[in-house]
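This report concerns only the one structure given below.
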Number of protein chains: 2
Amino acid sequence: MASSDIPDIVIGRLPIYLRALTQLAQSGRDVTSSRELGQYLGISSAQIRKDLAWFGGFGKQGTGYHVQTLQQQLQHILHVDRQWPMAVVGAGDLGHALAHYRGFKARGFMVAAVFDNDPEKISEPLENNLVVHPMEKLTEVIGALNIKIAMLAVPAEHAQPVALQLVEAGIQAILNYAPITLIVPSHIRVQYIDPVIELQHMTFYLDQHEGNPGAAPEVPGQVSGVDQ
Amino acid sequence: MASSDIPDIVIGRLPIYLRALTQLAQSGRDVTSSRELGQYLGISSAQIRKDLAWFGGFGKQGTGYHVQTLQQQLQHILHVDRQWPMAVVGAGDLGHALAHYRGFKARGFMVAAVFDNDPEKISEPLENNLVVHPMEKLTEVIGALNIKIAMLAVPAEHAQPVALQLVEAGIQAILNYAPITLIVPSHIRVQYIDPVIELQHMTFYLDQHEGNPGAAPEVPGQVSGVDQ
DNA sequence: TAGATTGTTAATCGATTAACAATC
DNA sequence: TAGATTGTTAATCGATTAACAATC
């Protein structure tokens, strides 16, 4: 029952299930099945049932799963049945995009503070009453707002030292947008977002001269696999 | 030898190795070992050697790997020993951030065209002589510039139809930033970037009341695992 | 009831790790 | 040479899938 018993690879799929359920709910579906969900996500129905079974029995034989109930259960399991305040560090293009992103709220998150070390950006007003704080205020603001999660959007060469500052300030989870591996204490959670990693994964399968000259229409219908 | 023999999970790690080698090269290292690389990335040395062995023997017994040579080999294997022109679809905050991002060039990519359906954004000038094209020009421009890769940065409700337009236009790989699962023909590669998925993966391990009041400094030193 | 789908166990499959001969 | 590290094989480990009794 301890969360450490549950394979991390299972945890990684739960947010994807949750996202799919949200889509289903929006399209008005009340009930779904592991078969439907699996087909939609490119995952076997057995895997979905087995993943959910780690946390209990949420379905009904013969019927399937009540979309809204399962959604709530997953939100509870993932601790997103609340709003996590987050810090954005780095107020460049990406930092701005993150600070303005409307999609966090409905899924358990909000940007509560933005930091940058560029004097020109300090005090710059953003949406939602946010302003850009100087890096000197990092520990103070993160402590005052009880922030545990940071999105790191600074240039690659600053990412490592800033990450350690964040840890000092009490941050426990970092979503790192800088294209480097961070070295942090082992109790700090880190996830990486680097578009080039994903692009290079795809170009392995692409061939420069695999030309499609003039466009070759194809019948849609199949489903692509799951994301990392 | 056919690329389909090689597990996709192995392919997914190669860009991470390549990124680490770039970091090593920048810090002036000439030679490295599977042990060093593994320690740095939180991966076993055996796995790194086994992954590389799918493509040949790049190392020297007793010595290790020549950083620059291995870098070049991986670039070749991943087909990033060239510059892939890409389309950005959606010229909002995120689209702008992608169009301005400086990090693509050195790693095999460039933004060659930007599209949006908002008349106010059309013809808006961006960096690098880019302008925002109307969606009507999608097929024409993608064909003329021989673009095979698109980054999809439109609102969630438009992502599915736009993805199919991209496929019609000859796009073969999509990096999808919209928080939905895309349904596309099976020969189209799709990778997903959704920060909320990564955040929810981390909040599973966080506890709201696991307070660190007043900041608890900790000794850095250990390394976090590999991303997806 | 008959049909459908769950939760779960056992079988299979694949990925990771350990170990070591080869060799620089 | 002695020490180090590769490439590779065999052993282990873990994840996925198949199958089905339980039951709605």
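Order of the sequence lines sets the chain letters (A, B, ...), proteins ahead of strands, with each chain counted from 1. The model shown is predicted, which means the values in this text are computed figures rather than measured ones.
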Nearest to the side chain of [X] - [options]?
X	options	value
Ser33(B)	dA15(C), dT6(D), dT9(D)	dT6(D)
Ile9(A)	dA15(C), dG7(D), dT16(D)	dT16(D)
Lys50(B)	dA15(D), dA10(D), dT17(D)	dA10(D)
Gln61(A)	dC20(C), dC24(D), dT16(C)	dC24(D)
Ala46(A)	dT17(D), dT8(D), dG7(D)	dT17(D)

Separation of atom [atom1] in [X] from atom [atom2] in [N], rounded to whole Å:
X	N	atom1	atom2	value
Asp8(B)	dA15(C)	CG	C1'	13 Å
Arg35(B)	dT6(D)	CZ	P	10 Å
His66(A)	dC24(D)	NE2	P	18 Å
Phe55(B)	dT8(D)	CZ	C1'	16 Å
Ile48(A)	dG7(C)	CD1	P	12 Å
Leu52(A)	dT16(D)	CG	P	14 Å
Leu70(A)	dT6(C)	CG	P	11 Å
Asp5(A)	dG14(D)	CG	P	12 Å

- prompt: Nearest nucleotide by nearest heavy atom, which residue falls closer to the 5' end of DNA chain C, Gln47(B) or Gly64(A)?
  reply: Gly64(A)

Using a cut-off of less than 4.0 Å, is there contact between a side-chain N or O of [X] and OP1 or OP2 of [N]?
X	N	answer
Arg49(A)	dG7(C)	no
Arg13(A)	dT16(D)	yes
Thr63(A)	dT5(C)	no
Ser44(A)	dT17(D)	yes
Tyr65(A)	dA4(C)	no

Is there side-chain contact between [X] and [Y], with heavy atoms separated by less than 4.5 Å?
X	Y	value
Arg107(B)	Ile197(A)	yes
Leu18(A)	Gln71(A)	yes
Pro15(B)	Phe204(A)	no

query: Across the strands shown, which category fits Ser45(B) at heavy-atom distances under 4.0 angstrom: base, sugar-phosphate, nothing?
result: nothing

query: Which heavy atom of Tyr65(A) sits nearest a heavy atom of Ser34(A), and at what distance?
result: CE1-N, 3.8 Å

statement: Pro85(A) and Leu145(A) have their tightest heavy-atom pair at CG-O, 4.0 Å

- prompt: When you check the gap from the basic side-chain N to the acidic O, do Asp207(A) and Lys148(B) get nearer than 4.0 Å?
  reply: no

message: Any carboxylate oxygen within less than 4.0 angstrom of a Lys/Arg side-chain nitrogen, looking at Asp93(B) and Arg102(A)?
response: no

task: Nearest-nucleotide wise, let me know which of Val10(A) and Ala53(B) is further upstream toward the 5' end of DNA chain D.
output: Ala53(B)

Non-neighbouring partners of His66(A) that pass side chain to side chain donor-acceptor pair (under 3.5 Å), sequence neighbours left out: none

- line: As a check of understanding: the bend across the helix from dG3(C)-dC24(D) to dC24(C)-dG3(D), end axes from five pairs, rounded to 10 degrees, works out to 20°

